[in-house]
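Within every chain, numbering begins at 1; the chains are lettered A, B, ... in the order of the sequence lines, protein sequences first and strands thereafter.
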There are 2 protein chains.
Amino acid sequence: MAVTRRGMGRDGRPTLEQVAARAGVGRGTVSRVINGSPRVSERTRAAVQQAIADLGYVPHRAARALAANRSDAIALVVPEAETRLFAEPYFSGIIRGVSAELADTDIQLLLTLIRTPKERQRFSQYAASHRVDGVLLVSVHGDDPMPDQLAEMGIPVVMNGRRSSDEMVPHVDCDNVGGAQLAVEHLLGRGRSTVATITGPSDMYVARCRVDGYKEALRAAGREPDEDLIAKGDFSEESGHAAMHKLIKRRPELDAVFCASDLMAIGARRALRELGRSVPGDVALVGFDDSALARHMDPALTSVRQPMEGMGRAMTRALLAEIGDSGPDRPRLVLPTELVRRASS
Amino acid sequence: MAVTRRGMGRDGRPTLEQVAARAGVGRGTVSRVINGSPRVSERTRAAVQQAIADLGYVPHRAARALAANRSDAIALVVPEAETRLFAEPYFSGIIRGVSAELADTDIQLLLTLIRTPKERQRFSQYAASHRVDGVLLVSVHGDDPMPDQLAEMGIPVVMNGRRSSDEMVPHVDCDNVGGAQLAVEHLLGRGRSTVATITGPSDMYVARCRVDGYKEALRAAGREPDEDLIAKGDFSEESGHAAMHKLIKRRPELDAVFCASDLMAIGARRALRELGRSVPGDVALVGFDDSALARHMDPALTSVRQPMEGMGRAMTRALLAEIGDSGPDRPRLVLPTELVRRASS
DNA sequence: ATCACAGCTGGGAGCGCTCCCACGCGACGA
DNA sequence: TCGTCGCGTGGGAGCGCTCCCAGCTGTGAT
């Protein structure tokens, strides 16, 4: 019945209709006020806002989403494996940044952990049906087709990091090359002459960048990179431990190591201790990530800090821009990294 | 026009209507199949399911939410301060658990970080208007009125931890008393005779529980707790450091310390080193949380593990049950803790 | 053969919002 | 004085679903 339309919402909360009645205007006008349309006179706007305040009206999201064909929500997609490895500060830093940026937009953050290929599939489908306005992708692997899939479907996407140097999908990355350079320059600046590095897996772009930065810094200082001083790891502590042993065997005289992750630095530190070498006395150590572990290592680990919260914010801004304009500009941001000096170097 | 109703959805995706047409049934029937109503014949059900598969139909969440007056989403509310302190493994562990439990329910997880009282207010309002089906609250402080507010409004809530021993709001906690007992028993079992403790802030229930467990274990072993052996901290590393110094000054002969957090254990370890006492030779150390820091400490720290992922799962199950039945049973779960033995004790 | 009743089914009536078309009303030029 | 314009405004139509009531069938009892 038409009468019902004038009543309270089902859960006893006021509806647009009631606000309109109270303010003595039509539904359309209230809607305009809520959505900040300029086509409302100042008088009317004030009256409506008063009515909204009086009634404590809050728009019904589902109704709004249905009518306007948008969801006012974005998804942050995280491969579950990452939540273990990068738990801190990676994960929470990004979340904090995203959340901060969303705080005054009344857009909701949906968190989706992806465990299995099946769940991945399911999410793609979910996203495809415009159930979210946009997607934030974290730590995407080199062979992951999801970013492109989503982009092709016309869903706004922003990734954290990139899969290759010519990444086409909009992304926000940090300056891995620059960070590595910073680390090596610092080591060189402290008078170290034989600087080695322990790398991440070579099929990860981020790992390659860090090696590139290492080599770059060496060349800039007039030295040719020496393959014997480059040992491969996989970001894990164990791999750092093994790599360090290998390095010392190959080049007993080395006096500095740049590790592409804090975890590997921890492994390396253990190996050095086993070998009776002191840090930073015999060997200076620098890590990457500036995790809590770095701060609490003994000696505290010098490390390259990535602006995680800043990346979260930047990603969100980029995504919102994409959602807003649907313009063809595909943002590609690279945020600077920073060296945090501690006792290990 | 009625004709339009038979067409595709706005974004080119199939609607219920189309599935119905394809399956040669009515809208109601398709809806029944989707929602698992038993009042559909097997033949019809199969036909509908086939049509759904053919069309790749995915229900429109907003439409569903609007019509059914539920949102198919729950919120996980985290005070932002906590994301820094407990980043790992607390935060990510819970999220993993929640997410796992939600995986096959098609309920969405909304993550809300709360920074300011204003945001807190805003969230209450948001929740109040049935924009989420339920709320998960993490690390609530003793004086926080939000849980009660939400509960009074009839919004299903489950907290992680409790504010006091007679907590009325449904919650899932871990056995802090038992965990502390485990730690102290272990220390005693290793032949330590003078076991001290560094506590958390006494206005936090969880901290009081851990002290209680400490005393309990002592009494069970036939010793009276000695106030000189109890030093107050605030869970931070710095406070652990200060407390350790105080403890050694008061009781130089102590040979074991149970710290109510790993962070404080790290501080205590530093103090011991400054005082020239070895771990575990002179003093055995046990922490609480089993964070990554504990594993990487030197020597690796024995610590009480809280089943974070399990708590996340349990909370979610409890919340879903509450949402489902709206029965008057207010779940109060206490999950067991576990001692992880390492080199420090 | 008739009636009652259950088991399935179709589709109308909304849910609370946005979109958009049409309308009223002053100001203005002819 | 009579259009004409454009700003504000009201409200119909509809978003895709669920709920629910009526109706349609087939069965067993009478």
message = Starting the side chain at C-beta, find the nucleotide from D/dT18, C/dT18, D/dG16 nearest to B/H60.
response = D/dG16

Value in whole Å for how far the P atom of C/dC17 lies from CZ of A/R61 = 13 Å

Please list each protein N or O that sits under 3.5 Å from an N or O in nucleotides 20-28 of chain D, with the distance.
| from | atom 1 | to | atom 2 | distance (Å) |
| --- | --- | --- | --- | --- |
| D/dC20 | N4 | B/R32 | NH2 | 3.2 |

ask   = Looking only at side-chain N and O atoms, does A/T29 come under 4.0 Å of OP1 or OP2 in D/dT9?
value = no

query = Considering heavy-atom distances to DNA chain C, does B/G24 or A/V58 have its closest nucleotide positioned more toward the 5' end?
reply = B/G24

request  = Kindly compute the distance separating CE (B/M308) from OG (B/S92), expressed to the nearest 0.5 Å.
outcome  = 9.0 Å

ask   = Roughly, in whole Å, what's the span from CG in B/L55 to C1' in D/dG16?
value = 15 Å

note = Assert: residue with more 5' nearest nucleotide on DNA chain C, out of B/A63 and B/V40, is B/V40

A/I74 side chain reached by A/L319 side chain, heavy atoms, under 4.5 Å = yes

ask   = Just how large is the angle between the end axes of the helix from C/dA1-D/dT30 to C/dA30-D/dT1, five pairs per end, to 10 degrees?
value = 50°

ask   = In this structure, are over 12 heavy atoms from other groups packed under 6.0 Å from A/M168 atom CE?
value = no

query = With a 3.5 Å cut-off and no angle check, do the side chains of B/R64 and B/N69 form a donor-acceptor pair?
reply = no

message = Could you walk me through whether A/R163 and A/D148 satisfy the salt bridge (Lys or Arg N to Asp or Glu O under 4.0 Å) test, starting with their C-alpha distance in whole Å, then the side-chain angles of each, then the deciding distance to 0.1 Å, before giving a yes or no?
response = CA-CA 11 Å; A/R163 293 164 296 172; A/D148 303 294; 2.8 Å; yes

ask   = Roughly, in whole Å, what's the span from CG in A/D72 to P in D/dC15?
value = 20 Å

request  = Indicate whether the side chain of B/N35 and that of B/S37 have a donor and an acceptor atom separated by less than 3.5 Å.
outcome  = no

inquiry  = Rounded to the nearest 0.5 Å, what separates atom CG in A/L102 from atom CG in A/L76?
reply    = 10.0 Å

key: pair B/H171-B/L333: side-chain heavy atoms closer than 4.5 Å   = no

message = Using OP1 and OP2 only, check whether a side-chain N or O of A/S41 sits under 4.0 Å from D/dT9.
response = yes

ask   = Hey, does the side chain of A/T44 come within less than 4.0 Å of D/dG8's phosphate (OP1/OP2), counting only N and O?
value = no

message = Is the phosphate of C/dG11 approached by B/R27 (side-chain N or O, under 4.0 Å from OP1 or OP2)?
response = no

inquiry  = Less than 4.0 angstrom between a side-chain N/O of A/S31 and OP1 or OP2 of C/dT18, yes or no?
reply    = yes

query = Can you check the B/L66 CG to D/dG14 C1' distance for me, whole Å?
reply = 12 Å

query = So what does B/N69 hit on the nucleic acid, given a heavy-atom distance under 4.0 Å: a base, only sugar-phosphate, or nothing?
reply = nothing

inquiry  = Would A/R332 and A/D173 count as a salt bridge (Lys or Arg N to Asp or Glu O under 4.0 Å) here? Give the steps.
reply    = CA-CA 8 Å; A/R332 280 155 224 206; A/D173 201 354; over 6 Å; no

Polar side chain donor-acceptor pair, B/S71 to B/R61, under 3.5 angstrom = no

key: d(CD, A/E17; C1', C/dG14) in whole Å   = 13 Å

message = Regarding B/R39, tell me which of base, sugar-phosphate or nothing describes its non-hydrogen contacts under 4.0 Å with the strands shown.
response = base

ask   = Could you give the CZ-to-C1' distance, from B/R64 to C/dC17, as a whole number of Å?
value = 20 Å

message = What is the separation between atom CZ on B/R70 and atom C1' on D/dC19, rounded to the nearest whole Å?
response = 12 Å

ask   = What integer distance in Å separates B/N35:CG from D/dC17:C1'?
value = 9 Å

